[in-house]
J.: 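Quick one: the structure is below, and I'll ask about it shortly.
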Amino acid sequence: MSQRPGHHFLQIPGPSPVPERVIQAMARQVIDHRGPEFRSLGLSVLEGCRAIFKTSGPVVIYPSSGTGAWEAAIVNTLSPGDKVLMAETGHFATLWRQMAGRWGLEVDFMPGDWRHGVDPAAIEARLVEDRARAIKAVMVVHNETSTGVTSRIGEIRKAMDRAAHPALLLVDTISSLGSADYRHDEWGVDVTVSCSQKGLMLPPGLGFIAISDKALAASKTNKMPRSYWDWSEMLKPNAEGFFPYTPATTLLYGLQEALTMLLEEGLDQVFARHQRLGAATRAAVRAWGLEVLCLEPAEYSPVLTAVLMPPGHDADHFRKIVLDSFNMSLGTGLAKLAGKVFRIGHLGECNDLVLMAALTGVEMGLAAAGVPHRAGGVAAAMRELEARDTTNSPSLRIAAG
Ligand code: PLP
């Protein structure tokens, strides 16, 4: 049991805290997954997911983590030896690349500095060069959770169209879906991969895939072996709300509630809320005199902010002090960013006061850990929230002084 009293602030970039409404919705007995009650649950969540992905096509739900959905995207659309184009945006893009290699794909991995998103012009140039049309898919991460950089998927689609290249577009929205604007159909994405424990505010355990007609056609002729992940096995029973194997019923109850919450608030409002929380976080970081890892303002993540530590100061030592002193978990630096950055999650159910508490914990932690910084980040974040206040709340004006 934790030694630390009081509320635990889980400010990592996923899993995000599960809302009370979702917890309550999951506190239920399981049911017959081949019976009529399940049928209506299945149909309702499969339909609700379409709204969140912004697609009229099928969405598949696996009992898996996001990594499983990554694998499903590969094995259902590609064949061993296929060439794919990927971009090194950070740790997660690197892991997906590694998986693609293990499945026998030939990966052209465009190098990156982990501080920028995917460059649409570079994608266009590579596709134009590919006169033989050997590249079968462009595979990119929308929100790179290791860096807090959000790539511009709509721009990447336009770049592919300018190159008039027939490659499929496969996108990882594992940490963005439900927190950052995303449009599967409008952006012409062929496969969108996601999971439950980030913007969808659920516990870990569900993987999602949205599928275009073109991706579905590819799945009928591609040569990769598969069984558990096979879309055709899944889509047949899904048409009636059922699954080919025992589904994660309890998580589906939670999903139904989470989808209701997102649609009640309105997706535009959800996205605006996260943009505003991200802006307030960056205002705090700058006021502290620290550096946001993301270098491109058009790619600032509304999901999380990665903060660079001053040289000579270890981010994990700072995170330990914050956990021990204030009962708050911040995200660790991953792979080559270990010890160099900490990450503040502001995804999912996060609101003004939760963010302000988190930023207060960071500011107190910086002082406690002896990290050189200026005071006043919390006040700067409050001013940013007030400046972007959409509700014109009097309490916010008072708080900001
Ligand atoms: N892709 C991104 C962008 C992620 O953030 C993560 C996990 O944080 C993954 C993939 C892997 O997902 P999972 O840990 O659910 O398998």
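Note that the coordinates shown come from a computational prediction; the quantities given were computed from them, not determined experimentally. In each ligand, atom 1 is the first atom listed, and ligand 1 is the first ligand listed. Just so you know, these numbers use all the heavy atoms, side chains as well, and skip hydrogens, waters and symmetry mates.
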J.: Do T150 and E299 pair up side chain to side chain, a donor and an acceptor below 3.5 Å, judged on atom types alone?
T.: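 There is no such pair (donor and acceptor under 3.5 Å, judged by atom type) between the side chains of T150 and E299.
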J.: Could you give all pairs that pass the side-chain hydrogen bond (donor to acceptor under 3.5 Å, both in side chains) test and reach residues 5-17, with sequence neighbours left out?
T.: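 Pairs touching residues 5-17 that pass the test: H8-N327, H8-S329.
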J.: Are N222 and S79 linked by a side-chain donor-acceptor pair shorter than 3.5 Å?
T.: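 No pair is found: no donor N or O on one side chain lies under 3.5 Å from an acceptor on the other.
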J.: For a distance cut-off of 3.5 Å, show me each N or O of ligand 1 paired with any protein N or O, plus the separation.
T.:
residue  : atom   : partner : partner atom : Å
ligand 1 : 1 (N)  : D172    : OD2          : 2.7
ligand 1 : 5 (O)  : T145    : OG1          : 2.5
ligand 1 : 8 (O)  : K198    : NZ           : 2.7
ligand 1 : 15 (O) : G66     : N            : 2.8
ligand 1 : 15 (O) : Q197    : NE2          : 2.9
ligand 1 : 16 (O) : S65     : OG           : 2.5
ligand 1 : 16 (O) : G66     : N            : 3.3
ligand 1 : 16 (O) : T67     : N            : 2.8
ligand 1 : 16 (O) : T67     : OG1          : 2.5

J.: Once side chain to side chain contact (heavy atoms under 4.5 Å, CB included) is applied, do any residues pair with R21, and if so which ones, sequence neighbours excluded?
T.: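 Result, side chain to side chain contact (heavy atoms under 4.5 Å, CB included) vs R21: E257, T260, M261, E264.
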J.: Classify the side-chain pair T145/S175 by whether it contains a donor and acceptor separated by less than 3.5 Å.
T.: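 On atom types as modelled, these side chains qualify, holding a pair under 3.5 Å.
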J.: Name all residues meeting the salt bridge (charged side-chain N to carboxylate O under 4.0 Å, His left out) criterion together with D324; count only those two or more places apart in sequence or in a different chain, and write none if there are none.
T.: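 In terms of salt bridge (charged side-chain N to carboxylate O under 4.0 Å, His left out), with neighbours along the sequence ignored, D324 is linked to R4, K320.
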